[in-house]
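The structure appears below as structure tokens.
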Amino acid sequence: MHNVLNEKQREAVYTDAGPLLVFAGAGSGKTRVITHKIARMIFEHNVSPYRIMALTFTNKAAREMVERIENLVHVSAKGMWIGTFHSQCARILRREKVYGGVFTIYDTDDQKKLLKNILADLGLGDSKRFSPNDVQHRISSLKNRLITPVMFRDAVTNTFDELFVRIYAEYERRLSASQALDFDDLIFRVIELFKGNNEVCEKYQENILYLLVDEYQDTNLAQYELIKILASRHRNITVVGDDDQAIYSWRGADIRNILEFEKTFPDAHIVRLEQNYRSTKTILDASNSLIRRNKERKEKSLWTENEGGEKVDLVYVVDERDEAAYIARQAQGSDGPGTAVFYRTNAQSRSLEEAFRNNGIPYVIVGGLRFYERKEIKDVLAYLRLIVNPADDISLERIINVPRRGIGEKTMDELRRYARENNQVLFQAVQNYGRLTGLTQRERDAVAGFKNRFEDFQAYPRDDLKRFVSDIVRDSGYLQFLEQSSEEGVAERLENVGELITAVQEYCDRTPEATLEGFLEEVSLITDIDTLADNGGSHVTLMTLHSSKGLEFDRVFVTGVEEGLLPLIRDNDENDTEEERRLMYVGMTRARKKLCLIHAAFRSRYGSSSQAVPSSFLDEISSECLRKIDNTGGRFRELASASGGSAYGAGHKRHPGEVIPLFENFSQVESTYRKGQKIYHPIWGPGMILSVSGFNENMKAEIKFQNASIKKVMVKYARLEFVGDE
DNA sequence: CCCGTCGGTTTTTTT
DNA sequence: AACCGACGGG
């Protein structure tokens, strides 16, 4: 790493006043710019740390920023408003006593549970047209665009939307009855607060002398509005981002926020950081050649003074097992630290984990089932959440009968009925158990038992939080319930609960005024990537391409570089190839010294295997950067890639974007695939079709092979050969 | 009310 | 292949 700021970095750091947009290419030292800028404000301009706000997307990025600032100025960064959009907004809402300063933050899982209840109550429980998933997604994207149910109602044109708006409105009503906010609310509510209360709004506007925003390309409309409001008084706003690394449009991020920053702030100064300090010249050239294909981007090109380095390996493997074995072999040969493996979907991690475990290679996996989303953790947290906020119906429903207390669905229905009719929350209904007329004595006793037990919990002293939590885990019977569970993985679950209690202790140790509320808030806004140690340990790190943004490793493997997987193609909504290309670009530019791209001849998805086509992205990378390695032993002729010829030179030229029909005539195909047909599969050898399902390109065949294994394959990809009867 | 089994669905990405 | 919810017997 260089020790002095380069000319462009200086320009960004020394632009003291007014709006500033920094295009910061991958590895160009953007965190360096932000931290130096903040340090300079404090030192050169004597700005109080309290008047600086820096917003990030992950806690990890925020923490890194704090550490680096403290290293620069040797002054505690405490008191600075540095944190994620969500955590800073939660902080504002608590300060301003929204819901009296006591509210619960619902995660996606909680949202879906709530929506499921609502759908059931509206008689849409098993409607095909409304699934909790879809509805959650729609609501989230409306909130991202600051659209309330009332606003949306005006735009309704059909009965489907009419019904949807009823669900949305009811969702809002119940959230508020439970004193709960979802992730999107945290930002939305701050904006509402500011718009509805001039005094409060001006207080923050006046206070924030400098506003800095990291990863600006990932902001959505709500975040953009928030930034605009916060910066409007002093107009000292610095946004740092890279349109080439925008990979969250599906979550409402709007790339126009960065592309059109100059429209919002016409006097904006613009600085481009294009010198890359991270990667070898070869890796950078390869990445540049790929991203250049995108149309919707600001023209720029990264350069470096680093050495050329090794070529980028393009490895052809048989299938995911072979892929994992190849990586395991490579990882073994090197000295561990600084190796990462990326994949497009979490499901791909399974085969990798297996290979690493079998080869005794230590690995750390980021993402997937996150710690705080594990069932046992959510159960314990639900107890704590309900203690803090008894109005939290979702948490009550979660634990009232865990462990079993004889409170089943029938009893719950009665509780819900009573609560609804009396306009109360579920916990109040529990407290009024004597008036639950629809219950037997035995059922009423069960409810009373829970009430008494729980009211005890509420009265436990909270001066020692760790003690408090472990007492509740024990006295609720949850610990015993776990221990006696017949399910697999009991040990791991107990361990997780233990880890949670440790987390409470750690929270207390580093927080001056530790409260249960504070712990819960921190926990609900944390993600796995936040807890990732700075890849110092001698392990391989596994994660999705999305999670990799902002990180760097000496050696990077990008797996599954195949058409349909990267770029990922799903069958329903529109696919965004440019965003997929950016995702690939993000992955590639994480590598410092060595980059390895892998694609397989066969890939299983949803449990069945099919033939894979090399990603069209591979054709777009300058071939002089690549070294091709065939790890299949030449057993498989490679399929032509989707956009033009094979990466290995085989196959015929096709036009970009042209879809390759693997079979020109499907009706002919269908007629030949039938039960009893003997076939030959290039991998698994001879076999016989047991059954056929689906049509045309969706047709699947279940095949029994000679080695007695039964597999389901997509006919379109499987390249089966017919074996005639003798 | 509890527990086991079956069938359908799932996997894109996350604050 | 794995997870979830619906269903039915104990």
Side-chain angles (χ1 to χ4, degrees), chain A residues 55-62 83-90 105-109 111-113 116 120 125-126 128 131-133 136-137 140 143-144 181-187 215 218-220 222-223 246-253 320 342-351 354 366-370 372-373 375 401-412 439-440 442-443 446 485-488 524-530 543-549 560 564-573 575-576 579-580 582-583 586-587 604-609 711-712:
Chain A
L55 299 174
T56 66
F57 278 86
T58 66
N59 294 298
K60 184 169 188 285
T84 64
F85 274 93
H86 293 87
S87 70
Q88 296 308 304
C89 284
I105 299 169
Y106 276 3
D107 68 13
T108 317
D109 191 54
Q111 291 181 63
K112 284 178 192 163
K113 284 207 158 115
K116 209 181 145 232
D126 33 35
K128 285 274 182 299
S131 74
N133 267 320
Q136 188 273 331
H137 189 254
S140 175
K143 287 190 177 182
N144 282 335
L181 299 174
D182 61 28
F183 286 139
D184 303 312
D185 283 335
L186 293 172
I187 292 160
E215 307 279 13
D218 286 333
T219 49
N220 59 35
Q223 288 157 337
I247 53 175
Y248 285 105
S249 75
W250 52 273
R251 216 170 78 188
E320 50 269 304
F342 302 152
Y343 34 80
R344 178 65 241 257
T345 67
N346 272 310
Q348 289 167 255
S349 70
R350 190 179 304 275
S351 48
E354 217 167 279
V366 176
L369 224 209
R370 284 174 293 288
Y372 287 102
E373 283 173 17
K375 193 168 164 295
N401 203 32
V402 179
R404 307 262 175 240
R405 298 186 177 94
I407 301 172
E409 237 357 80
K410 180 171 163 284
T411 311
M412 285 312 296
L439 296 184
T440 64
R442 182 198 171 94
E443 289 162 341
S485 162
S486 57
E487 286 168 52
E488 265 179 85
S524 41
L525 297 174
I526 219 163
T527 62
D528 242 34
I529 192 86
D530 297 329
M543 68 182 83
T544 62
L545 286 159
H546 281 89
S547 303
S548 77
K549 197 174 66 166
L565 189 58
L566 182 59
L568 186 75
I569 295 171
R570 46 266 206 259
D571 26 43
N572 16 357
D573 18 291
N575 302 298
D576 188 342
E579 178 144 320
E580 295 291 319
R582 291 193 290 266
L583 195 49
V586 165
S604 0
R605 244 175 121 182
Y606 305 110
S608 64
S609 180
K711 302 214 187 288
K712 225 174 181 177

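Keep in mind it's a predicted model, so treat the numbers as computed, not measured. Quick note on labels: first sequence line is chain A, next is B, and so on, each numbered from 1.
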Regarding the side chain of A/Ser547, the nearest nucleotide among C/dA2, B/dC1, B/dT14 is B/dT14

Here the distance between atom P of C/dG5 and atom NZ of A/Lys112, to the nearest Å, is 11 Å

5'-most contact on DNA chain B (nearest-nucleotide basis), A/Gly408 vs A/Thr56, goes to A/Gly408

- request: With heavy atoms under 4.0 Å as the rule, sort A/Arg350 into base, sugar-phosphate or nothing.
  value: sugar-phosphate

A/Lys116 atom NZ is separated from C/dG5 atom C1', nearest whole Å, by 7 Å

**Prompt:** Given B/dT14, is OP1 or OP2 found less than 4.0 Å from the side-chain N or O atoms of A/Thr58?
**Reply:** no

(message) So, OP1 or OP2 of B/dC1: does either fall under 4.0 Å of a side-chain N or O from A/Thr411?
(response) yes

Against the side chain of A/Ala347, the closest entry in B/dT13, B/dC2, B/dT11 is B/dT11

(Q) Counting the atoms with a prime plus P, OP1 and OP2 as sugar-phosphate, which does A/Phe57 contact under 4.0 Å by heavy atoms, base, sugar-phosphate, or nothing? (A) sugar-phosphate

*Under 4.0 angstrom, heavy atoms only, what part of the nucleic acid is A/Phe85 near: base, sugar-phosphate, or nothing?*
nothing

With the side chain defined as heavy atoms from C-beta on, A/Arg251 is closest, among C/dA2, B/dT14, B/dC1, to B/dT14

Separation of B/dC3 atom C1' from A/Arg404 atom CZ, nearest Å, is 8 Å

Sorted by chain and number, sequence neighbours left out, salt bridge (charged side-chain N to carboxylate O under 4.0 Å, His left out) with A/Asp184 holds for none

Query - Under 5.5 Å and under 30°: A/Trp250 stacked on B/dT13 - result: yes

Taken to the nearest whole Å, CD1/A/Ile407 to C1'/B/dC1 is 12 Å

Do the side chains of A/Lys143 and A/Asp182 get close enough for a salt bridge, i.e. N-O under 4.0 angstrom? yes

ring-ring contact (aromatic ring centres under 6.0 Å, His included) filter on A/Phe57, not counting sequence neighbours, yields A/Phe85

Worked verdict on A/Ser604 versus A/Glu320 for side chain to side chain donor-acceptor pair (under 3.5 Å): CA-CA 8 Å; A/Ser604 0; A/Glu320 50 269 304; 2.8 Å; yes

5'-most contact on DNA chain B (nearest-nucleotide basis), A/Asp184 vs A/Asn401, goes to A/Asn401

